[in-house]
2 protein chains.
Amino acid sequence: MFENRMPRYEILSEEALGVLERGWRRIVTEIGVQFAKPEAVELFRRAGQRVEDDVVFCDPDFVLEQIALVPHEFEIRARNPQRTVHIGGDKMVFSGVYGPPFVLEEGRRRDATMSDYRRFCMLAQQFPELDSAGGVICEPNDAPLDSRHLDMVFALQTLTDKIYMGNVVSGTNARDTIAMSEILFGGREAIEATPVTISLINCNSPLRWDGRMLDAQFEYSAANQAVVLTPFLLMGAMSPVSIPATLAQQLAEALTGIALSQLVRPGSPVVLGSFLSNIDMQSGSPCFGTPESAIGLLCTGQIARHYGLPFRAGGGLTSSQSPDAQAGYESLMTLLPTFLAGTNFVMHAAGWLEGGLVSSYEKFIVDVELLRMLRHEFTPLEIDEESLAFGAHQEVGHGGHFLGAAHTMERFRTCFYRPLLSSAQNYERWKRDGGQDTAVRARAIYEKAFEEYEQPPLDDAVRLELEEYVTRRRRELGD
Amino acid sequence: MFENRMPRYEILSEEALGVLERGWRRIVTEIGVQFAKPEAVELFRRAGQRVEDDVVFCDPDFVLEQIALVPHEFEIRARNPQRTVHIGGDKMVFSGVYGPPFVLEEGRRRDATMSDYRRFCMLAQQFPELDSAGGVICEPNDAPLDSRHLDMVFALQTLTDKIYMGNVVSGTNARDTIAMSEILFGGREAIEATPVTISLINCNSPLRWDGRMLDAQFEYSAANQAVVLTPFLLMGAMSPVSIPATLAQQLAEALTGIALSQLVRPGSPVVLGSFLSNIDMQSGSPCFGTPESAIGLLCTGQIARHYGLPFRAGGGLTSSQSPDAQAGYESLMTLLPTFLAGTNFVMHAAGWLEGGLVSSYEKFIVDVELLRMLRHEFTPLEIDEESLAFGAHQEVGHGGHFLGAAHTMERFRTCFYRPLLSSAQNYERWKRDGGQDTAVRARAIYEKAFEEYEQPPLDDAVRLELEEYVTRRRRELGD
């Protein structure tokens with residue numbers, strides 16, 4: 001696992017944090033948050049909060065009392081114990097793109113299929129830069145809608161041995177994810193002892209938590225599974241055209257959502273989620289990799305630490321329609337701040353393209369390269385007398401070169417970052433080799449990963465039980 | 001001018017700074033620095049430093065005494081007073097790519113010409129993101145070698161009204177640059193009162209300052225023109241394969257070079273230069289946009305502040321052979337740390353491609369987009385009660401949208417960064433418009449800049465005098 005021991009880049013003053021605190025306090029007190037699930041409203045009412053229909057008006061101090069119950073750090077168990085992850089502190093956990101209905105492969109954009117879904121699971125398994133198999137890595141449109149979550153969870157569980165994200169389309173889907181996790185991990189007691197899934201609960205911003213998402217949240221929190229409570233904020237559409245106003249709204253939404261999980265099960269693991277960008281005010285299109293999203297991300301990290309909460313943000317986000325220069329710079333424009341902020345859980349860390357509508361194989365490899373570079377960059381330097389290599393200077397002197405120096409010869413294999421995808425070939429050689437740009441070179445890398453892929457071993461009895469569960473439930477769901 | 005009022009990202013402990021200080025002190029004391037110009041050696045000798053042939057062994061405290069003479073901040077005057085720049089403090093000055101023998105335009109790579117040189121001057125003039133017209137924006141291979149510097153300086157002076165960089169190929173070329181600057185700015189006294197040029201003096205690392213560069217440095221420093229003393233460090237070739245060792249060497253070279261300028265003329269304006277990356281240890285190719293170069297850059301900024309020196313570093317550096325995804329992410333991998341470090345003078349800020357062998361028109365526009373985004377990103381947020389836009393929340397409530405809110409309507413034109421190059425078009429529309437990737441879209445942007453270009457006005461008598469100077473000197477140089 002990657003531990004980010006570099007300094008955090010913090011840009012908010014204490015005074016600014018105070019303004020934002022007053023902001024969310026006023027929102028939850030005066031405007032309230034809508035919870036479209038009677039059981040949720042009832043939990044808040046019983047805890048002494050004022051409710052009007054499905055709108056909950058919270059005492060901010062009550063919200064903070066609930067937040068105080070949240071574990072600062074926790075583990076998510078993988079079926080391969082070496083792949084168990086730690087959420088919180090200096091640790092960073094990376095998970096692939098989530099949600100796209102389309103895929104892009106070798107320049108062709110098409111509907112995503114279950115075969116794509118499985119292939120992306122295999123890529124997540126093959127690259128150690130990803131700690132998680134993912135969740136809705138793409139939406140497999142060729143699988144029946146009611147039961148595809150069974151195939152997806154089965155793929156995550158069997159094609160990889162990493163942690164995975166739970167399905168949140170409905171309470172039913174969440175229950176199926178939990179039941180299958182019980183099979184894989186040895187029963188309810190085992191998964192309640194240490195969470196084995198992490199699931200994305202999005203807010204229907206502004207200030208509304210929808211019923212189906214809440215149904216899933218109730219199931220996961222009751223089973224002590226981790227949930228990421230994420231305001232979905234494209235400024236200009238789901239929040240005001242002001243970063244401070246959006247941060248205050250993000251807190252009002254996330255903190256009340258987190259409080260709800262604590263009402264469902266005190267001490268259950270949660271993550272403060274952030275998905276914050278802006279729309280293009282001319283066209284209404286969502287924009288990613290923007291300066292605003294980078295600023296929002298840096299602020300979110302600092303705010304999360306202020307409230308003692310692990311947080312999710314960032315990833316390799318871009319609006320670009322192809323894995324081109326814009327895709328490169330926009331992704332890094334979010335991913336570098338993701339590291340600067342010390343983000344604990346990073347969704348969309350690989351494969352995101354076209355504003356999240358597309359899972360791209362080529363872009364997956366671009367993002368893996370970025371993750372590798374940033375892991376290297378955010379590893380502190382060791383600076384001591386030995387690192388000064390004075391002997392090398394004595395050996396080389398003035399105007400010479402260090403290529404053959406003893407200090408160099410001892411270290412040349414490991415001294416620098418070695419790229420996976422980037423090319424520094426001289427022009428003539430690059431041209432002779434086909435003059436391939438980055439996207440084209442990426443293809444050979446994922447093809448090789450598929451060739452080298454080996455399915456991680458799984459106990460036959462467990463696999464059979466999972467298969468039987470999928471078959472039975474598919475029948476029950478009428479597919 | 002851009003003022004970076006965001007926090008600096010500093011990664012070195014006081015202890016680490018101490019180790020690096022001991023490192024350069026030991027190098028200048030025990031190994032010494034070679035100065036391949038007798039007058040330079042003589043200046044050090046007369047100042048009480050030990051010399052052996054052309055190697056100067058410095059007392060580190062003597063070096064620090066010279067460094068203490070350096071102005072912390074200074075101005076460089078442009079012929080258009082609104083374009084005069086300030087070097088040092090929180091200010092950042094951006095200058096285009098420097099040095100490439102080739103250009104890339106619409107996918108074709110070819111020898112650079114004087115026509116290319118003039119067109120890049122025009123682009124530098126057209127984009128306010130660049131504060132400087134540049135220097136050797138490309139090497140005009142169709143102009144006679146001995147006199148092309150005259151044409152280049154004339155182009156910088158007449159096609160733009162921004163500051164420009166002086167020619168450093170020889171003392172003669174430096175004298176011509178200074179003479180032409182005297183004509184443009186009203187005589188020697190005027191340019192000595194406030195510098196009007198800034199020039200790049202590279203070290204032939206390790207630990208050797210070459211004669212021709214020193215000849216140019218002597219001319220510029222004597223005329224009180226700014227010089228950027230820059231160790232040229234590709235780790236593994238010109239320095240050890242260790243970042244701390246390279247930083248210590250960078251200091252030994254830069255500080256002795258700066259001390260020399262102070263011996264030539266105490267108080268003359270200098271900039272601590274850094275050009276620090278690494279080679280690929282397999283092929284020997286130089287690599288840019290690497291994690292190592294980003295770390296080196298962040299350290300350099302902190303070190304420069306420690307010694308109270310304005311510094312140069314960073315830019316939009318990449319090894320990529322084309323303006324593709326790698327060019328996008330590698331450039332930002334250097335350019336974002338350039339801002340995090342608060343770099344005072346940024347060379348190669350636009351147009352750099354293929355390890356600096358190519359000036360690319362498309363890449364110039366990519367970099368301008370990055371500069372625009374980063375200027376926006378590194379402008380501090382104003383966080384106060386008004387920015388919380390509570391009225392917008394009251395207006396929109398739960399589950400609605402902010403597109404038509406009064407707060408939005410009042411601000412929608414200016415609330416977010418508006419891209420120059422990046423596209424967030426939906427796929428169908430993008431495809432209908434030709435499915436152009438970033439590099440292709442960049443072409444329309446620079447073509448438009450050429451169409452809109454207007455040569456900045458210049459007094460006829462001054463222009464005539466410059467033309468006469470160029471004609472006379474060209475004849476004298478035998479071209």
Side-chain angles (χ1 to χ4, degrees), chain A residues 9 16 19 23 27 31 34 204 206-208 237 240-245 248 278 280-281 285 287 290-292 294 319 321-329 332 336 366 373 376-377 381 383 387-389 392-393 396 398-399 401-403 407-408 411-412 415-417 422 424 427 430 437-438, chain B residues 9 16 19 23 27 31 34 204 206-208 237 240-245 248 278 280-281 285 287 290-292 294 319 321-329 332 336 366 370 373 376-377 381 383 387-389 392-393 396 398-399 401-402 407-408 411-412 415-417 422 424 427 430 437-438:
Chain A
Y9 185 60
V19 172
I27 292 172
I31 300 177
Q34 195 173 32
N204 184 358
L207 302 176
R208 176 182 160 88
V241 294
S242 150
I243 295 175
N278 58 280
D280 170 356
M281 297 306 292
S285 296
C287 300
T290 65
E292 286 79 7
S319 305
Q321 304 85 357
S322 70
D324 63 353
Q326 179 184 336
Y329 65 69
L332 189 59
L336 211 160
V366 169
M373 292 172 84
H376 195 90
E377 192 165 319
L381 272 184
I383 301 191
S387 70
L388 292 178
H393 284 300
V396 174
H398 311 100
H401 66 75
F402 291 81
L403 291 167
H407 178 269
T408 305
R411 290 165 181 78
F412 76 95
C415 55
F416 300 135
Y417 173 74
S422 302
Y427 183 77
W430 175 75
D437 74 8
T438 309
Chain B
Y9 185 60
V19 172
I27 293 172
I31 299 178
Q34 196 173 32
N204 184 358
L207 303 174
R208 178 183 160 87
V241 294
S242 151
I243 294 175
N278 58 280
D280 171 356
M281 297 305 292
S285 297
C287 300
T290 64
E292 286 79 7
S319 306
Q321 303 86 355
S322 70
D324 63 352
Q326 179 184 336
Y329 66 70
L332 189 58
L336 211 160
V366 169
L370 294 180
M373 291 171 85
H376 195 91
E377 193 165 318
L381 271 184
I383 302 191
S387 71
L388 292 177
H393 284 300
V396 173
H398 311 101
H401 66 76
F402 290 81
H407 179 270
T408 305
R411 290 164 181 78
F412 77 96
C415 55
F416 301 134
Y417 174 74
S422 303
Y427 182 77
W430 176 75
D437 73 8
T438 309

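The chains referred to below are lettered A, B, ... by the order of the sequence lines, with proteins before strands, and numbering in each begins at 1.
- The greatest number of non-hydrogen atom pairs below 4.5 Å with chain B, out of R208(A), H376(A), R411(A), is found for H376(A).
- The parts of D437(B) that come within reach of chain A are both its backbone and its side chain, each placing non-hydrogen atoms under 4.5 angstrom from that chain.
- Checking side-chain atoms of T438(A) against main-chain N and O of Q326(B) turns up a donor-acceptor pair under 3.5 Å.
- Interface check for chain A: of the options A392(B), S422(B), A248(B), S319(B), the most heavy-atom pairs under 4.5 Å are formed by S422(B).
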Run the side chain to side chain contact (heavy atoms under 4.5 Å, CB included) check on Y329(A) and L370(B) step by step: do they pass?
CA-CA 8 Å; Y329(A) 65 69; L370(B) 294 180; 3.5 Å; yes
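- For chain A, the nearby part of I243(B) is the side chain; its heavy atoms alone come within less than 4.5 Å.
- Proximity to chain A is limited to the backbone of P323(B), based on heavy atoms less than 4.5 angstrom apart.
- When each of N204(A), L381(A), T408(A) is checked for heavy-atom pairs under 4.5 Å with chain B, L381(A) comes out on top.
- Between the side chain of S285(B) and the backbone N or O of A424(A) there is at least one donor-acceptor pair closer than 3.5 Å.
- Ranked by heavy-atom pairs shorter than 4.5 Å toward chain B, the options G23(A), C415(A), A327(A), A325(A) are led by A325(A).
- Among the candidates L336(B), L207(B), V241(B), the residue making the largest number of heavy-atom pairs closer than 4.5 Å to chain A is V241(B).
- Of all the listed residues (T290(B), V366(B), I27(B), L332(B)), the one sharing the greatest number of non-hydrogen pairs under 4.5 Å with chain A is L332(B).
- Looking only at heavy-atom pairs under 4.5 Å with chain B, the residue among G399(A), P240(A), S322(A) that has the most is P240(A).
- Ranked by heavy-atom pairs under 4.5 Å with chain B, the list D280(A), L403(A), I31(A) is led by I31(A).
- Chain B forms more heavy-atom pairs under 4.5 Å with one residue of S387(A), A16(A), G328(A) than with any other, namely S387(A).
- The number of heavy atoms from other shown groups lying within 6.0 Å of NE2 (H401(A)) does not exceed 12.
- Of all the heavy atoms in L388(B) and A245(A), the pair that sits closest is O-CB, 3.1 Å.
- Contact tally against chain A (heavy-atom pairs below 4.5 Å) for M281(B), Q321(B), E377(B): the top residue is Q321(B).
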